Amino acid sequence: MSDSWQGPGARDPQGPSTGSGWGQQARPSEQGQQPDRAPRQGRQQPYPARDARQQPYQGHPQERHAYAHPPRQHVHPHPHPPEQAHQAEPRAESAERAEAPEAPEAEAAAPETAAPEVDAETSGSRRQARRLARGKDGVRDGARRRRRRRGGLLKVVAFCVVTAVGSLILLRGNELLDRLGTPTAPDKAAETPAPEPPDPGRVLQVIAHPDDDLYFMNPDLRYSISAGSPVTSVYLTSGEADGINAGSAKAATTKPDKPAYAEARQNGIRAAYAKMATGDRGSPWTRTVVPTKGGGHAEVDVLMAKPQVHLVWLQLREAGTVYETAPNSLHGLWDGKIPRLDSMLASGTPVKQPFSYSKDQVVQTLVGILEQYRPTTVRSQDPTPGRYPDTKRYTDHQDHFYGARFVQLATAAYAKDITDRPHFAVQNYAGYINGSLPSALDPDEAKEKLDILGTYAWLDRQNHCNSPAGCGDLKISDQPGGNRWSDSINYARGTSTNWLTSDAQQGLWAFKVLDGQVAVWHRAGPAGRWKGPDLLPGTGMDPGVSTVTLADGRTAVFGTRTSFGAKPTDYRREVVHAVQKQPGAEQFTEWQSLGTPETTDENWTSDISAPAVSVDGTGQLAAYVRDGAAGLRGRVQQPDGSWGPWEKYGGTDLHGSPATATDGAGRRMVFAATSKSVVGWTQPTPGAPLGQVTATGLPDTTLPLTADGREGGVRLWFRKPGSGNVRTALITGEGGLKVSQMTDLGGLQGFGSVTASGHLLAGRTAGGQLGSEAGSGRPWERSPLLFVGAPSSTMTGKGLVSLAVVGLDARLYVTSSADVPNAHLAPWQPVGPRNAPPSLPSPESPASPASGPAPAAP
């Protein structure tokens with residue numbers, strides 16, 4: 001038997017592989033194929049869903065779209081800036097125009113036949129009559145009018161073309177997306193082969209317990225499955241807890257059985273995934289045993305009706321407690337309290353031989369899984385959730401964030417050692433803290449999420465899985481939504497919307513973290529060819545970066561970096577930045593560290609946010625983070641280029657990452673969300689220190705904030721809790737922070753960050769696609785793209801907005817729109833080569849453990 005994860009054979013996308021499993025022939029006694037075909041006994045009984053809708057905000061009944069610019073008189077909706085749309089006139093015509101005075105606008109717009117006929121009989125010709133009417137410069141005036149008519153016609157044609165194309169991409173998005181990568185439609189006569197469809201991306205999720213994915217990664221998980229993306233969920237522990245599979249009423253009289261409870265949780269997960277993928281919780285699975293690269297065995301389940309859906313069960317022992325010290329746990333293994341962590345095999349699993357892993361073997365096991373599945377998006381829990389300031393207890397389950405740290409080590413090793421692989425992006429998800437934050441999902445999404453949790457919780461008690469252990473997790477059946485976790489989803493990092501930026505030459509730059517490094521895409525000028533992704537030197541970068549344009553025109557890129565030392569206590573997160581060597585140059589400096597306001601990981605679990613950066617009217621650069629104590633900290637660059645110390649700016653109960661922008665007077669403003677409102681800071685004058693923290697009086701928001709300097713102040717965009725609607729407010733800084741023009745802009749529900757540039761708004765909608773709105777009075781439109789993290793947009797020149805996302809395939813997609821009301825998005829353009837392997841893994845056999853949280857803890 002091989003001691004490494006060898007990988008399955010190539011998979012027929014229409015069904016399970018016919019190979020021999022991952023690395024060896026399955027033995028009938030231990031590794032035989034076990035189709036998990038359960039008798040189907042109908043739908044589950046309904047259960048009450050929590051109403052996540054909040055009371056509407058009653059104040060500031062301002063008119064919709066207060067942020068929009070007034071309409072312009074002359075508009076050119078071309079996908080390039082107006083000044084580039086037409087060729088320059090010949091030099092002779094330019095000289096002629098300089099000599100002749102301009103005709104009044106009304107005369108220039110009049111058709112030629114409208115010229116008066118003067119003394120037509122004497123002249124004997126209509127041409128002479130027009131010539132006499134125009135005078136001695138009539139010929140030149142006529143030529144000028146003809147040129148203007150041609151220019152006006154070109155504008156009308158260009159508008160019609162862009163509008164038509166934009167309408168097609170919005171109304172026929174799925175069809176056009178299938179043709180991405182082909183600049184023109186194929187010539188039927190030439191019989192050219194149809195272009196490859198775009199890679200839907202391959203998603204791999206690593207979670208501590210079974211149900212962490214349902215609580216903290218849904219609805220992203222459901223969106224990916226619905227879109228047909230290959231999705232693999234890896235469960236680190238068996239989630240055996242105390243072994244009691246019962247609700248509170250029967251817990252005292254139910255005999256503990258840890259292997260059976262682990263199996264029941266597995267059965268519940270299989271039912272939940274089957275329902276998300278097929279609508280039928282009883283849809284059968286195949287279950288296989290495979291050897292791992294760490295020297296143990298894993299169970300791999302493949303959904304037969306949707307073979308792109310896999311479950312991998314590593315079946316390690318869980319901590320059994322949320323906060324208390326538990327040496328036999330992932331935490332204890334990470335800290336060196338134990339040399340090896342034992343397995344906890346679920347009853348019914350085809351894995352029959354117990355095993356144990358050292359810390360390095362856990363990492364190698366995960367590296368082997370990454371090698372085989374070759375994901376383009378890796379999802380994991382938050383490795384640094386921090387502690388509550390008052391109790392100093394962790395804000396999340398210890399298995400959650402120490403499991404996520406093992407994922408960090410594994411993705412770093414995979415990126416370094418495996419060169420023949422696609423690029424991948426990472427997304428981290430907040431955990432228990434969601435229960436104390438405003439609801440991020442609208443009622444329909446929350447109900448759908450709760451319905452899937454109800455399937456996992458086995459609410460109807462029907463034995464649809466034909467297992468004596470039970471078909472789900474009865475421990476959560478009293479309250480399937482948990483501590484309001486079914487109402488929300490929050491990204492722990494990667495919420496910045498200013499990773500796309502434009503330079504003085506109207507070139508575009510995009511910065512995202514791929515493979516643990518910052519990837520750069522660049523388009524030179526308004527019509528140049530895109531390059532990238534090119535990875536900046538330096539590893540360990542956390543998801544999410546921000547950019548800022550310095551006073552001299554260079555672009556600076558800021559983010560955070562995680563490092564691992566020789567000792568567990570050497571785990572560290574710090575703020576870093578790199579700067580263009582020259583404006584517009586493709587070369588950047590090495591990463592320079594600004595350190596961290598947190599002294600040790602043990603105190604605050606390295607819980608600092610991503611940095612928010614801005615330049616004030618004096619050219620002074622500053623970076624701000626939320627620290628582990630939920631306050632605001634910042635460093636300001638000095639005139640000599642050095643940086644001042646980490647200053648404390650106050651604030652309590654801050655969540656997520658701060659946002660910053662500069663108003664029309666050059667004053668820097670900083671904003672942060674709390675669990676109940678938004679607070680802010682402002683400079684009294686450019687160059688001065690930030691003033692005191694100020695309550696804005698805004699209603700509660702979901703966490704991500706977007707700030708942009710406009711209309712003389714700074715405009716904020718955020719989401720309405722329990723709705724997903726986009727809201728906006730204008731904040732001015734003269735005499736202190738003042739809020740006005742609070743407006744609800746509607747939207748397509750959804751959650752997460754909203755990007756705003758010019759007239760364009762865009763963000764994730766219900767369903768996971770990108771929604772956009774390009775001007776007052778227009779309905780929100782939906783594109784077919786699923787993406788990682790947050791979208792980003794920027795003004796490119798004076799009349800064009802550019803918008804970008806990174807898809808689940810870790811590929812950059814860009815589009816543009818004229819910055820006018822009622823504009824359309826141009827077709828999405830993929831940048832760089834496809835990021836897909838020739839085949840995807842799919843084991844033939846079955847296997848099955850379970851994993852999940854301690855009693856009442858996912």
Side-chain angles (χ1 to χ4, degrees), residues 208-209 212 215-216 318-338 381-406 408 428-437 482-485 488 490 492-493 542 560 562-565 567-575 595-610 624-634 646-658 672-676 679 693 703 853-858:
H209 311 123
D212 291 344
Y215 275 122
F216 308 122
E318 73 142 291
T321 174
V322 177
Y323 309 111
E324 305 303 327
T325 301
N328 288 313
S329 65
L330 291 170
H331 186 172
L333 187 64
W334 180 276
D335 283 349
K337 302 290 180 60
I338 54 172
Q381 295 170 272
D382 184 2
T384 55
R387 299 176 185 258
Y388 291 108
D390 51 352
T391 66
K392 302 299 188 290
R393 279 189 160 186
Y394 297 125
T395 63
D396 207 357
H397 195 297
Q398 57 185 311
D399 281 347
H400 293 179
F401 65 90
Y402 278 98
R405 293 187 180 193
F406 276 103
Q408 283 184 301
N428 297 127
Y429 291 80
Y432 285 173
I433 194 68
N434 285 329
S436 60
L437 298 174
N483 183 23
R484 297 181 51 249
W485 299 323
S488 275
N490 278 297
R493 312 191 74 77
D542 299 315
T560 60
T562 296
S563 56
F564 307 88
K567 303 187 298 295
T569 53
D570 291 336
Y571 184 94
R572 175 183 172 88
R573 173 174 283 159
E574 60 185 342
V575 178
T596 171
E598 302 302 344
T599 55
T600 64
D601 177 49
E602 181 61 25
N603 285 348
W604 296 114
T605 326
S606 295
D607 179 32
I608 60 172
S609 72
Y624 302 95
V625 299
R626 172 195 46 78
D627 65 14
L632 186 72
R633 304 286 286 273
W646 283 103
E647 300 283 357
K648 290 185 177 181
Y649 296 109
T652 59
D653 187 36
L654 306 188
H655 295 278
S657 297
T674 73
S675 61
K676 296 181 174 59
V679 295
V693 59
L703 294 188

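Given the structure is predicted, the values throughout are model-derived calculations rather than measurements.
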message = Using the side chain to side chain contact (heavy atoms under 4.5 Å, CB included) criterion, which residues pair with S675? Sequence neighbours excluded.
response = L437, D653, H655
remark   = Across all chains, not counting sequence neighbours, the salt bridge (charged side-chain N to carboxylate O under 4.0 Å, His left out) partners of K392 are none
note = Sequence neighbours excluded, the answer for ring pair (Phe, Tyr, Trp, His ring centres under 6.0 Å) partners of F564 is Y571
task = For a ring pair (Phe, Tyr, Trp, His ring centres under 6.0 Å) with Y394, tell me which candidate from F401, Y432, Y323 qualifies.
result = F401
request  = Please report the shortest heavy-atom distance between A319 and H397, naming the atom on each side.
outcome  = CB-CE1, 4.4 Å
ask   = Who are the salt bridge (charged side-chain N to carboxylate O under 4.0 Å, His left out) partners of D607, not counting sequence neighbours?
value = R626
message = Once side chain to side chain contact (heavy atoms under 4.5 Å, CB included) is applied, do any residues pair with A629, and if so which ones, sequence neighbours excluded?
response = W604, D627
Those residues that, when tested against Y429, pass side chain to side chain donor-acceptor pair (under 3.5 Å) (two or more places apart) = D220, R379
Residue list, side chain to side chain donor-acceptor pair (under 3.5 Å) with T562, at least two apart or on another chain = D542
query = Quick one: salt bridge (charged side-chain N to carboxylate O under 4.0 Å, His left out) partners of D382, sequence neighbours excluded?
reply = none
remark   = With sequence neighbours left out, the residues meeting side chain to side chain donor-acceptor pair (under 3.5 Å) with N328 are none
request  = Apply salt bridge (charged side-chain N to carboxylate O under 4.0 Å, His left out) to R493 and list each qualifying residue two or more places apart in sequence or on a separate chain.
outcome  = none
Partners passing side chain to side chain donor-acceptor pair (under 3.5 Å) against T596 (at least two apart in sequence or in another chain) = none
request  = Output every pair passing salt bridge (charged side-chain N to carboxylate O under 4.0 Å, His left out) with a member in residues 324-335, not counting sequence neighbours, ordered by first then second residue.
outcome  = E324-R393
